[in-house]
Amino acid sequence: MSGPTRPRHAPPLRAVDPPPARRILVIEDDPDLGRLLELHLTDAGFAVDVAADGAEGRDCAVSGAYDLIVLDLTLPRVDGLDVCRALRERSAWVPVLMLTARSTEVDRVLGLEVGADDYLTKPFGMRELVARVRAIFRRVDAAAGRATRSASRVLEAGELSIDEEKRRVLLRGRPVELTAREFDLLSQFARHPGRVFTRAELLESVWGYGHEGYSHTVNTHINRLRAKIEKDPSRPEYILTVWGVGYRFRDGDGGKDGEEKET
């Protein structure tokens, strides 16, 4: 008869270091607002540096040390648009959340044109800003996860080729320069050919948040995307409008914009 069973000792637990906090650079010349942004983002678990003018911010931004840039549009020495241009020349994929006191559509479009991924118009609530930052990181994580799962997945549609791992788009064999958000939007469409997306659904799936008041952001990005991939943006072949509903990506039927019925 065997003796009593000896208790098995579990291996000692080893402390696991938490992942490093994501680093955010705030470029804001208003010292009070800069400190407030630093406080709230730090409380949210991020590592935050603040640059007080455009020249300093530009030098810090292009260093590649940050996971996100929160960028004021109106800055001394070098304005926010030029900072964003300099950043995009060095690194295409660092997301930029632009802050602007200007509320006209022209100013918003200018910021998006030079590569900003999202924007907030002053005055804004700190809770909304933190929510936007978290939404951007969720989108970045989701894109990274898709690239890992799909490995060398390349989406083909007509003369368009979309390499999700390399984040590269070819049109008739030639590279198309897209911002990070434009690429994510095109990839979302191409992964679901024929599916109709409302603007709210695109905001949620591509931007990471839903807010009816920002549906014009979707329109602006789609117009810019069409200008880059369509032979005739006024008669698109890839991103089609479903009147009264939203947008869909071609599903091999070769349909033209305007053929969809309003519902």
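The chain is numbered in sequence order, starting from 1.
- A donor-acceptor pair is defined here as one N or O able to donate and one able to accept, closer than 3.5 Å; such a pair exists between the side chain of Asp117 and the backbone of Val96.
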Point to revise | Full working for side chain to side chain contact (heavy atoms under 4.5 Å, CB included) between Asp184 and Phe189 | key: CA-CA 9 Å; Asp184 291 338; Phe189 275 124; over 6 Å; no
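- Between the CG atom in Leu120 and the CG atom in Asp72 there is a gap of 11.5 Å [rounded to 0.5 Å].
- Looking only at side-chain heavy atoms (C-beta outward), Arg191 and Leu155 come within less than 4.5 Å of each other.
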Check your understanding: Are Tyr119 and Phe124 close enough, and set up right, to give a side chain to side chain contact (heavy atoms under 4.5 Å, CB included), and what steps lead you there?
Key -> CA-CA 11 Å; Tyr119 68 89; Phe124 52 82; over 6 Å; no
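- Using a 4.5 Å cut-off between side-chain heavy atoms of Ile, Leu, Val, Met, Phe, Trp and Tyr, with links allowed through other members, Val26 and Leu39 fall into different hydrophobic clusters.
- Residues Arg85 and Val83 form no side-chain contact, since every pair of their non-hydrogen atoms from C-beta on lies 4.5 Å or further apart.
- Between Arg58 and Asp82, no side-chain nitrogen of the basic residue sits less than 4.0 Å from a carboxylate oxygen of the acidic one, so the salt-bridge criterion is not met.
- A salt bridge is absent between Asp30 and Lys122; no separation between the charged side-chain nitrogens and carboxylate oxygens falls under 4.0 Å.
- Proximity of Val169 to Asp163: side-chain heavy atoms (C-beta onward) are nowhere separated by under 4.5 Å.
- A donor-acceptor pair shorter than 3.5 Å can be found between the side chains of Thr241 and Arg226.
- Within the 4.5 Å cutoff, side-chain heavy atoms of Leu71 are placed close to those of Cys84.
- One N or O on the side chain of Lys228 and one on the backbone of Glu177 form a donor-acceptor pair closer than 3.5 Å.
- Counting non-hydrogen atoms of other residues, nucleotides and ligands closer than 6.0 Å to CZ of Arg172 gives a total above 12.
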Point to revise | Audit row: Thr220, Arg224, side chain to side chain donor-acceptor pair (under 3.5 Å) steps and yes/no | key: CA-CA 6 Å; Thr220 300; Arg224 293 167 58 216; over 6 Å; no
Exercise for review: Test Val48 against Val70 for side chain to side chain contact (heavy atoms under 4.5 Å, CB included), laying out the working first.
Suggested key: CA-CA 10 Å; Val48 183; Val70 178; over 6 Å; no
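- Summarising the geometry of Gly34 relative to Glu28, their closest heavy-atom pair is N-CG, 3.9 Å, with the distance given to 0.1 Å.
- Separating the OG1 atom in Thr179 from the CZ atom in Arg88 is a distance of 7.0 Å, to the nearest 0.5 Å.
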Practice item. Decide yes or no on side chain to side chain contact (heavy atoms under 4.5 Å, CB included) for Thr198 and Tyr247, but give the supporting numbers first. Key: CA-CA 7 Å; Thr198 66; Tyr247 302 94; over 6 Å; no
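- Taking CD of Glu159 as the start and CD1 of Ile229 as the end, the distance is 11.5 Å to the nearest 0.5 Å.
- Geometrically, Arg23 engages Tyr66 in a cation-pi contact defined by less than 6.0 Å to the ring centre and at most 45° from the axis.
- Residues meeting the ring-ring contact (aromatic ring centres under 6.0 Å, His included) test with Phe249, sequence neighbours left out: none.
- Here the shortest heavy-atom pairing between Ile162 and Ala190 reads CD1-CB, 3.5 Å.
- In this structure, Arg199 and Gly246 approach most closely via the heavy-atom pair NH1-CA, 4.3 Å.
- Here Leu41 contributes atom CG and Arg22 contributes atom CZ; the two are 13.5 Å apart, rounded to the nearest 0.5 Å.
- For the pair Leu225 and Leu178, the minimum side-chain heavy-atom distance is below 4.5 Å.
- Residue Leu75 is grouped with residue Val78 when hydrophobic side chains (ILVMFWY) are merged at heavy-atom distances under 4.5 angstrom, including chains of intermediate members.
- Atom CG in Leu25 sits 9.0 Å away from atom CG in Leu68 (nearest 0.5 Å).
- Taking each heavy atom of Ala227 and Pro233 in turn, the nearest pair found is CA-CG, 3.9 Å.
- At a threshold of 4.5 Å between non-hydrogen side-chain atoms, the residues Leu129 and His40 do not count as touching.
- The shortest heavy-atom contact between Ala47 and Ala21 is N-CB, 3.9 Å.
- For Asp53, the side chain to side chain contact (heavy atoms under 4.5 Å, CB included) partners at least two apart in sequence or on another chain are Ala55, Glu56, Pro76, Arg77.
- In this structure, the separation between CD on Glu38 and CG on Asp49 is 7.5 Å, given to the nearest 0.5 Å.
- Put simply, Leu170 and Ile239 are part of two different groups of oily side chains (I, L, V, M, F, W, Y) that touch within less than 4.5 Å, one to the next.
- Val50 and Leu36 fall within a single hydrophobic cluster, where Ile, Leu, Val, Met, Phe, Trp and Tyr side chains are chained together by heavy-atom contacts under 4.5 Å.
- Under the rule for a side chain to side chain contact (heavy atoms under 4.5 Å, CB included), Asp59 has no partner lying at least two apart in sequence or in another chain.
- The hydrophobic clustering, which links ILVMFWY residues whose side-chain heavy atoms are closer than 4.5 Å, places Phe183 and Val176 together.
- The side-chain heavy atoms of Leu73 and Leu81, taken from C-beta on, include a pair separated by under 4.5 Å.
- Shown here for Pro95 and Ile136, the closest heavy-atom pair between the two residues is CB-CG2, 3.6 Å.
- Side-chain atoms of Glu230 do not come within 3.5 Å of backbone N or O of Asp232 as any donor-acceptor pair.
- For the pair Leu37/Leu99, a side-chain contact is recorded, criterion being any heavy-atom separation below 4.5 Å from C-beta on.
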